[in-house]
Each structure stands twice: as C-alpha cells, then as structure tokens.
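The model shown is predicted, which means the values in this text are computed figures rather than measured ones. Along the sequence shown, residues are numbered consecutively beginning with 1.
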Amino acid sequence: MYVHFDGYPDSKLPLLLSAHQNRFAGDLEAMARHLIDEVHIGWEQLGTDLLDGAPDALRRTLTGGEEFPSRQLTNVCNTDGTPAERELITQDGTDGLEWAYVLHESGIEVIGLLAYDRGPVVAWDTDPRSRIRTDPGAWNPEAPAPVVPPRAAPRLSATAPASAPTPRKSARR
C-alpha cells in the first residue's frame, strides 16, 4: 500500500515494529488488515496512533513527544479529473519509489529500491529504538539488516545499599 509522507526506514520501521509488538499484540493478520485491506486508496502518512498500547517511555523516545494521526489519502483524482482508485504496489510497479516494506510472518522485509529488488528481513522482536541506516545500498538482501540495537543502560538497584568507600591506607614513612 502506498504511503506518501516520509518512507525512510528510520521513521517507518520503528512505527511498524512497535505497532506489531504493542497495538496489534503480534497479530500480523490484524496489522495487515489495518494497513492494507481497510485502506481506500493509500496513506498520506502513518502516525503515532500506530503506537497505541506502547509504553509511554517508548512512545516518547520514538516521537519526541509529538503526536500526529495516521491519515489516508482522500480527494485524489487522476489527471483527467476522475476519482483515483485503489492501487496496490507490486514488484512490477515501484517506479519512482525509494523504499518498500513487505510484511512476513518472521518480520519486515525492507527494500531499498534504488539499489535492490529485495531486502533483508528485520525480525518482529527487534527493539524499535534501534539505530537504523537510511542508505538504500546498506539494505543488501545478502547481508544482515543495518539495524543496531540500542545500548542498554546499566541497571542501578534502588534497594541495594550504597557501598562505603574503601578507607585509604596511610603511607608509612
């Protein structure tokens, strides 16, 4: 399904991963129905409503606190003035597009269309906070996806007592 605004993987992949993990609770069929089957023409943009059900901290990390709804394309006409009809994007119809995302049982295939006609699959359990490269050439189908998990911060226990500093031995002269 065509999405008009900002199709780069560093913005779309976190939304899609979080949507699968949270809003759709791992139900790929429900996610596909929402993103593909129930869309009249296409998407103007995918929004933060895809993050419904995500923890607040993840939502803030992914959006910087901004909220914006997904919006379907409306009032679209062909050059002759007739109303546009739904058009699914297929491998044969990607002219002018830079990125494609294919939903699989195991994850999302990300295709940098300027470089390849297929791409690596990013597993559904990938942390949506991961760093994601946007260079189409980095999405080689024969290589791992250019997705780097976030570094985990060390856990500080709130219940463990702070250790007292080790006393210094005085030097003998």
Side-chain angles (χ1 to χ4, degrees), residues 1-77 83-90 93-94 96-114 119-136 138-139 144-156 158:
M1 184 56 59
Y2 177 76
V3 178
H4 181 70
F5 184 71
D6 193 10
Y8 290 95
D10 62 334
S11 73
K12 291 299 166 263
L13 199 51
L15 279 176
L16 294 170
L17 290 169
S18 182
H20 183 268
Q21 294 167 10
N22 298 289
R23 178 175 175 169
F24 299 103
D27 186 343
L28 183 59
E29 287 185 32
M31 184 175 175
R33 261 192 318 276
H34 176 76
L35 292 173
I36 301 167
D37 299 339
E38 296 172 356
V39 178
H40 182 65
I41 294 175
W43 291 101
E44 185 173 331
Q45 76 175 10
L46 297 178
T48 55
D49 52 298
L50 289 177
L51 301 175
D52 289 353
D56 288 340
L58 174 62
R59 192 178 188 104
R60 278 191 308 277
T61 298
L62 296 182
T63 67
E66 287 187 54
E67 295 289 323
F68 51 94
S70 294
R71 291 192 315 256
Q72 290 190 34
L73 291 167
T74 57
N75 300 321
V76 179
C77 295
E85 294 182 19
R86 176 184 168 102
E87 182 178 347
L88 286 176
I89 305 300
T90 65
T94 60
L97 301 178
E98 296 180 55
W99 296 96
Y101 301 88
V102 182
L103 308 179
H104 295 278
E105 287 294 327
S106 59
I108 306 172
E109 180 180 5
V110 180
I111 308 169
L113 293 169
L114 299 177
V121 174
V122 178
W124 287 121
D125 63 354
T126 300
D127 190 325
R129 299 169 302 151
S130 298
R131 285 185 325 210
I132 300 165
R133 294 201 40 206
T134 59
D135 170 23
W139 291 86
V147 175
V148 179
R151 282 193 277 161
R155 288 191 173 263
L156 301 175

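With Gln45 contributing its side chain and Pro69 its backbone, the two residues share a donor-acceptor pair below 3.5 Å. Under a 3.5 Å cut-off, the side chain of Arg23 and the backbone N or O of Asp49 do form a donor-acceptor pair. In this structure, the side chain of Asp127 does not engage the main chain of Pro149 through any donor-acceptor pair within 3.5 Å. A donor-acceptor pair is defined here as one N or O able to donate and one able to accept, closer than 3.5 Å; such a pair exists between the side chain of Thr63 and the backbone of Arg59. Of the possible donor and acceptor atoms, one in the side chain of Gln21 sits under 3.5 Å from a partner among the backbone N and O of Trp124.
Closest of all the heavy-atom pairs between Arg86 and Asp37 is NH1-O, 3.8 Å. Nearest heavy atom pair, residue Gly47 against residue Ser70, reads N-OG, 2.7 Å. Closest of all the heavy-atom pairs between Trp139 and Asp135 is CD1-O, 3.3 Å. Pro14 and Leu62 make their closest contact through CB-CD2, 3.8 Å (heavy atoms, listed as atom of the first residue, atom of the second, distance). Taking every heavy atom of both residues into account, Pro55 and Asn22 meet most closely at CD-OD1, 3.8 Å. Listed here is the closest heavy atom pair of Met1 and Gly42: SD-CA, 3.6 Å.
Remark: His40 NE2 to Thr74 OG1 distance equals 9.5 Å, nearest 0.5 Å. Separation of atoms CG (Leu51) and CG (Leu15) is listed at 5.0 Å; rounding is to 0.5 Å. Atom CG of Asp52 is separated from atom CZ of Phe24 by 9.0 Å, given to the nearest 0.5 angstrom. For the atom pair NE2 (His20) and CG (Leu16), the distance works out to 10.5 Å, reported to the nearest 0.5 Å. One distance of note links CG of Leu13 with OG1 of Thr134; it measures 12.0 Å at 0.5 Å rounding. To the nearest 0.5 angstrom, Leu17 atom CG is 11.5 Å from Leu50 atom CG.
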Could you list the donor-acceptor pairs under 3.5 angstrom formed between side-chain atoms of residues 96-110 and any protein atom two or more places apart in sequence or on another chain?
residue	atom	partner	partner atom	Å
Glu98	OE1	Tyr8	OH	3.4
Tyr101	OH	Gly7	O	2.5
His104	NE2	Glu109	OE1	2.9
Glu109	OE2	Gly119	N	3.0

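Within 6.0 Å of the CD atom in Glu29, the count of heavy atoms belonging to other residues, nucleotides or ligands does not exceed 12.
When side chains are defined from C-beta on, Thr48 does not count as touching Glu66, because their heavy atoms never get closer than 4.5 Å.
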